[in-house]
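Working notes for the structure below.
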Amino acid sequence: MIGALKDSYGRQIRDLRVSVTDRCNFRCFYCLPHGEPPMAPKEQMLTFEEIEEAVRIFASLGVNKIRLTGGEPLLRRDIEKLVAKLKRIEGVDDLALTTNGYFLPERAQNLKDAGLDRVTISLDSLRPETFKRMTGTNVLDRVLEGIYAAKQVKLTPIKVNAVIVRGHNEEEVVEMAAFARTHDVAMRFIEFMPLDSGHEWSRAMVVSGREILKRINETFPLVAEDIARGAETASRFRFADGAGGEIGIIAPVTEPFCGACSRIRLTSDGQIRTCLFSKVEHSLRDRLRSGATRDEIIDYIHGVVWQKERSHQIGAPTFVQPERTMSFIGG
Ligand code: SAM
Ligand code: SF4
């Protein structure tokens, strides 16, 4: 590894999230309620070759976890080809993808064959009406099929993400915990963050990780996993009665975990974001396309990472929601 990537607070960057498209076939109200704004021109999107080159450079600097995301990453044509390219890169130990699950019933096997290690699937409700209200689509059954398909082809360990929003699905967390037990998956409950394109987020809509945990614990007693959390976003719990599955609580609003953050993001148009809530972006695309040497690009990346924000400041009076939403930044 040439010169590990560290920021000015001593945090080492090990985890790169690559958004491969801004497009999405869902309309989750907490992310993209009014649909996508006009797309960036195609020529501004990173090609697979450029993404491969970027990942190769990051991997040489100690980044060993790569997650493909979006928008909906399975809308990017031939994403399996990109998976195969990234899987071959030395130093990439963990290649994952976050998806809404819609295309998984047909694509899970191809993704596995291409070399994908595992998937995270979003599932905000097990009730068709609530699912529809939250995602803008009426396809709960397909997403469930997608989860089963991923399990069958061993895109494991499978994580299932639910954003919990007051008045929508907080009453359902125990049912979702039961789902984790039955299907032996890690069910992760995420606090609603101010990253929605509708700018409708309010503190009152946030259901705290603590409340979620309390609700689940009343029915299914939980035991904290006895492992160092490190840079993981989730606090992890297993079921006290030894049932399969796991519970993860991701509480960036009420219990920020910025101090151990090891993540950095690359948008589909080639901008590095050092935090979900960054106000500035850094154009890796310009460097990749300007004929810069590998050493120049590495120097540039070191300089960008050095500027990584200390914390997200959601609770601060001066907090301003970033212009780009989760679907652009890549969750
Ligand atoms: N379309 C894919 C999906 O939904 O899984 C991948 C991209 S999506 C932006 C990645 C993750 O971000 C999803 O699990 C989604 O639930 C989460 N997310 C989106 N907007 C969010 C918000 N405002 N607060 C918290 N999580 C959010
Ligand atoms: Fe699409 Fe994922 Fe955003 Fe939902 S959370 S609108 S599936 S990008």
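Sequence positions, counted from 1, serve as the residue numbers for this chain. Each ligand, and each atom within it, is numbered from 1 in the order the structure gives.
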Thr274 side, atom OG1; Lys279 side, atom NZ - distance, nearest 0.5 Å = 11.0 Å

ask   = Which of the atoms of ligand 1 are close to Gly71, meaning less than 4.0 Å from one of its heavy atoms?
value = 1 (N), 2 (C), 6 (C), 7 (C)

request  = With heavy atoms of Glu72 as the reference, note each atom of ligand 1 found under 4.0 Å away.
outcome  = 1 (N), 2 (C)

inquiry  = So, taking the atom named CG in Leu155 and the one named CZ in Arg107, what distance separates them when rounded to the nearest 0.5 Å?
reply    = 12.0 Å

query = Quick one: which ligand 1 atoms are inside 4.0 Å of a heavy atom on Asn100?
reply = 2 (C), 3 (C), 5 (O)

query = So does Asp7 pair up with Arg310, basic N to acidic O under 4.0 Å?
reply = no

ask   = Looking at Leu32, which atoms of ligand 2 are within less than 4.0 Å of one of its heavy atoms?
value = 6 (S)

ask   = Numbering the atoms of ligand 1 from 1, which are under 4.0 Å from a heavy atom of Thr69?
value = 6 (C), 7 (C)

task = Compute the shortest N/O to N/O distance between Thr120 and ligand 1 and return yes if it is under 3.5 Å, no if not.
result = no

message = Check this for me: does any side-chain nitrogen of one of Lys85 and Glu49 sit under 4.0 Å from a carboxylate oxygen of the other?
response = yes

request  = Under 4.0 Å, heavy atoms only, figure out whether ligand 1 is touched by the backbone of Thr98, its side chain, both or neither.
outcome  = both

note = Near Phe192 (heavy-atom distance under 4.0 Å), the atoms of ligand 1 are 23 (N), 24 (N)

query = Between Asp196 and ligand 1, is there a nitrogen or oxygen pair with a distance under 3.5 Å?
reply = no

task = Would you mind running through ligand 1 and noting each atom that sits below 4.0 Å from a heavy atom of Met193?
result = 22 (C), 23 (N), 24 (N), 25 (C)

task = Could you walk me through whether Glu52 and Lys81 pass the salt bridge (Lys or Arg N to Asp or Glu O under 4.0 Å) test, one step at a time?
result = CA-CA 11 Å; Glu52 183 186 4; Lys81 288 190 180 154; over 6 Å; no

remark   = shortest atom 6 (S) of ligand 2-to-protein heavy-atom contact is with Cys28 N, 3.4 Å

ask   = Can you tell if the side chain of Cys28 reaches within under 4.5 Å of the side chain of Thr135, non-hydrogen atoms only?
value = yes

task = Check each of Asp94, Asp113, Asp117 against Lys87 using the salt bridge (Lys or Arg N to Asp or Glu O under 4.0 Å) test, and report the only one that passes.
result = Asp117

query = Relative to the heavy atoms of Asn100, which atoms of ligand 2 are at a distance of less than 4.0 Å?
reply = 7 (S)

ask   = Going by heavy atoms in the side chains, are Val173 and Leu213 under 4.5 Å from each other?
value = no

key: Within reach of ligand 1, part of Thr99 (heavy-atom separation under 4.0 Å)   = backbone

Residues Arg166, Glu211: salt bridge by 4.0 Å N-O rule = yes

key: Per-atom contacts, ligand 1 versus Cys31 - under 4.0 Å to a heavy atom   = 19 (C), 20 (N)

inquiry  = Does ligand 1 come near enough to Asp124 that some N or O of the ligand is less than 3.5 Å from an N or O of the residue?
reply    = no

inquiry  = I'd like to know: is atom 3 (Fe) of ligand 2 within the 2.8 Å range of an N/O/S atom from Cys31, strictly under that distance?
reply    = yes

inquiry  = One thing to verify: whether Glu218 and Lys214 come together as a salt bridge, which I'm taking to mean a side-chain N less than 4.0 angstrom from a carboxylate O.
reply    = yes

Carboxylate-amine/guanidinium contact Arg236 Glu246, below 4.0 Å = yes

remark   = Restricting to heavy atoms, the pick from Leu68, Leu123, Ile121, Val163 nearest atom 16 (O) of ligand 1 would be Val163

ask   = Do any heavy atoms of Gly71 fall under 4.0 Å from ligand 2?
value = yes

inquiry  = Please report the interatomic distance CD1(Ile164) to OG(Ser208), rounded to the nearest 0.5 Å.
reply    = 11.5 Å

Numbered atoms of ligand 1 (with element) below 4.0 Å of Gly70, judged on heavy atoms = 7 (C), 9 (C)

query = Looking at atom 2 (Fe) of ligand 2, what's its closest protein heavy atom, distance included?
reply = Cys24 SG, 4.4 Å

